[in-house]
Amino acid sequence: MLDLTRLSDQQRTIVLAPEGPLLVVAGPGCGKTTLIAARIAYLVAVKGIDPASILAMAFTRVAAGQLRERLHGLLGDQARQVEVSTFHALGLRIIRHWQEELGFGSRPLTVYDQYEARQVLADCAATIGIDLKRLTLAELALEIDRFRLDGCSALELALARQLVADYEARLRQRGAVDFPSMLALPLRLFSSEPRALQLYRDTYRYVFADELQDVSPAQYDLLRRIAERHRNLAAVGDLAQTLYAYRGAGGHVFRRFREDFAELAERALDENFRSTAHIVAMANRLGEQLSYAQPLHTENPAGPKPHVYLAADEQAEAVFVAGELLRLLDSQRIACPGEVAVLYRTNAQAGQLVAVLREARIPYRVAGDGELFSQPEVQQALAYLRLAVNPGDERALARIVNVPPRGLARLARRVEMEAYSVEALTAIASEFGADAAARTDELVRFLGELSQAAAVRRPAAILDMILEDGGLAGWLSQLPDAEVRLKRLQSLRDLLQEAADGLAAWLVDLALSPDLEPVQGDAEAVLLTTIHRAKGREWPVVFIVGVEEGLLPHARAIEDGHQGGLEEETRVAYVALTRARERLYLTGCRRRRRGDLVEVRQPSRFLSAAVDPPSFRAA
């Protein structure tokens, strides 16, 4: 029997609500994941709804993992039948199911990361004659993505159409999809193939969406079209936590939901279960600066007051953070470094913190720095893993033809220039002599063994095959920095241990999130991360560093002077404050280095808005 007694009155009312469209405005820390899991469990365990008819969309891989875990605790093995997915993972599954109708044929598909996709786009731009000195590749990619997803672009219409047509044709030719494809192609499929849309409408009678405030228009269209028939779309969100308004998220999507499902019921969750009363009060004061923020209340203890510290410079700021961390550990106010997160507005702020934490011998990890996956030995191992899933991945093959060295350097250059598949490799290898052909045969045989193993063995075991049977570990062990390189590959293996959905799904997660982290985190390391990456997460102790004019709010918003930019920066600060459960530190500098200059800094306007009364402990 499903136990709902632990839910609040607000949560229980929503869980037991009748069928139909539902919008839940849920403030930070108000238990929205608990609510979604309980509502799904109620439908399955009490109402007798087939769990396979439920689709739950999470915004991130970590959020999807947390929801699956909650559902398993409530439903046991039945939870596996509920479709819990991110938007792009669902889009990719739709593309794979209908890939022949979408022009990909029957070959396995490869997911291109941003770097690979932009290389293809650069080739297209060169063919058409676009001058990338006048428009950078990143700017061109942004305009093309907008055109593919929303039909609008700053580019001339005919040029945009020509470039998109050439770009997508090249992706199809390579059997590849990029990040925007995972939304654009399913939406086109639903328009061109009514039977495809009908299949998903028939399959999913109930649709749930988390973080509605950050859903893009294209993501909302995917939800709307699937849910239109049964009209059981339940969405949870909070406009005060919108971080991606520049992508069209926020109030616009809320308005569309209300218009498209005019009969929807609206409910609110405003009891914060996460943070102490002092932190909730600070969040409410900052929320008063927003055009919309739902005031929160809590029954939690008051807890220690948020600590505001004004340092002399970024070195002193980092020393303060390290000193407080050691004090909290020594006094046993925290059990381990993993209970602490240090949040900042820009990645550039991490450097000084890393240096000081390393000197203090405090374990740390930096989210989003891309360090692990940018290392050559990790990229080489990943190329083998990609070939295990898709032997037609030409770019992956070019990377490993001569890694470890097997006397095939000339063949590797040929593959890089002309993009051959594994199937064609043996034929062209004979052009380089009998020895090259024999060594190529051995490589092709090993890649075949990897493909067979990938269908039945766990992803970490596939990496073990690459390292041992493929000779990668033996070769690396002979290099001067062998210990460092092999340790990175062990870190890769640790990540693969969590690949519960198989190697192919894990590689998709990696393509969608190049800084992939363990879902369970690392209890032995302080996490350093941007505020945007901290969205949806929480820690007992949070440091927010660089709470200064020019960083938070960011200089771009101040210089622009547009109220919308400052409002978005206020939301960023609001999200940062509400990540903390027990202890919150806000730090800034009186001087900060910017390039070769040392600038005088002013405390952020958000401090005077949030701290009551404003008070600073100065270095």
Side-chain angles (χ1 to χ4, degrees), residues 99 103-113 115-127 166-178 375-455 462-463 465-479 485 503-504 507:
Q99 65 182 63
F104 289 97
S106 58
R107 65 188 293 191
L109 295 181
T110 295
V111 178
Y112 274 7
D113 60 24
Y115 171 78
E116 291 169 317
R118 288 188 177 178
Q119 290 301 305
V120 177
L121 182 60
D123 292 342
C124 295
T127 300
D166 187 18
Y167 174 68
E168 292 190 342
R170 295 191 189 210
L171 289 181
R172 284 195 301 273
Q173 184 181 11
R174 296 171 181 230
V177 293
D178 64 353
Q375 302 304 317
E377 62 279 357
V378 175
Q379 292 181 354
Q380 290 152 2
L382 288 172
Y384 275 105
L385 291 170
R386 284 167 51 178
L387 287 165
V389 172
N390 179 11
D393 191 331
E394 298 157 347
R395 285 186 173 271
L397 181 62
R399 187 179 291 277
I400 58 86
V401 165
N402 199 41
V403 176
R406 47 177 66 93
L408 298 175
R410 289 193 300 158
L411 177 61
R413 286 194 293 271
R414 176 81 169 270
V415 174
E416 175 68 31
M417 291 170 54
E418 302 184 25
Y420 289 97
S421 66
V422 172
E423 293 177 352
L425 201 59
T426 303
I428 63 168
S430 60
E431 300 177 19
F432 298 93
D435 286 346
R439 287 190 288 270
T440 301
D441 285 342
E442 185 178 343
L443 171 62
V444 170
R445 185 164 49 252
F446 175 64
L447 293 176
E449 292 171 359
L450 282 184
S451 293
Q452 293 175 3
I462 307 303
L463 179 60
M465 287 181 64
I466 294 165
L467 296 178
E468 301 303 326
D469 302 342
L472 190 59
W475 169 58
L476 292 172
S477 66
Q478 300 172 25
L479 301 180
R485 290 174 180 260
L503 180 58
L507 288 169

If I take atom [atom1] from residue [X] and atom [atom2] from residue [Y], how far apart are they, to the nearest 0.5 angstrom?
{"X": "Leu472", "Y": "Gln380", "atom1": "CG", "atom2": "CD", "value": "6.5 Å"}
{"X": "Leu385", "Y": "Met465", "atom1": "CG", "atom2": "CE", "value": "11.0 Å"}
{"X": "Leu387", "Y": "Glu394", "atom1": "CG", "atom2": "CD", "value": "10.5 Å"}

side-chain contact (heavy atoms from CB on, under 4.5 Å) involving [X] - partner list, sequence neighbours excluded:
{"X": "Gln119", "result": "Tyr115, Arg395"}
{"X": "Ala455", "result": "none"}
{"X": "Gln173", "result": "none"}
{"X": "Ala504", "result": "Val389"}

Worksheet item: When you look at Val403 and Trp475, which way does the side-chain contact (heavy atoms from CB on, under 4.5 Å) test go after all the steps?
Response: CA-CA 9 Å; Val403 176; Trp475 169 58; 3.8 Å; yes
For residues [X] and [Y], report the shortest heavy-atom separation together with the two atoms involved.
{"X": "Gln99", "Y": "Ser106", "answer": "NE2-C, 3.4 Å"}
{"X": "Phe104", "Y": "Ala176", "answer": "CE2-O, 3.4 Å"}
{"X": "Asp178", "Y": "Ala117", "answer": "CB-CB, 4.0 Å"}
{"X": "Leu463", "Y": "Ala381", "answer": "CD1-CB, 4.0 Å"}
{"X": "Pro391", "Y": "Val422", "answer": "O-CG2, 3.2 Å"}
{"X": "Ala454", "Y": "Ile462", "answer": "N-CD1, 3.6 Å"}

Which pairs would a plain distance check flag for residues 433-450, meaning a side-chain donor or acceptor within less than 3.5 Å of a matching protein atom at least two apart in sequence or in another chain?
unit_1, atom_1, unit_2, atom_2, d
Arg439, NE, Arg406, O, 2.6
Thr440, OG1, Ala436, O, 2.7

Quick one: side-chain hydrogen bond (donor to acceptor under 3.5 Å, both in side chains) partners of [X], sequence neighbours excluded?
{"X": "Thr110", "value": "Asn390"}
{"X": "Glu168", "value": "Arg148, Arg188"}
{"X": "Thr127", "value": "Arg170"}

Is there side-chain contact between Leu507 and Val111, with heavy atoms separated by less than 4.5 Å?
no
Checklist entry - Residues in salt bridge (Lys or Arg N to Asp or Glu O under 4.0 Å) with Glu431, at least two apart? => result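 Salt bridge (Lys or Arg N to Asp or Glu O under 4.0 Å) list for Glu431, sorted by chain: Arg414.
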>> For residues 377-389, which residue pairs pass the salt bridge (charged side-chain N to carboxylate O under 4.0 Å, His left out) check, not counting sequence neighbours?
In response: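 Qualifying pairs: Glu116-Arg386, Glu377-Arg485, Glu377-Arg488, Arg386-Asp393.
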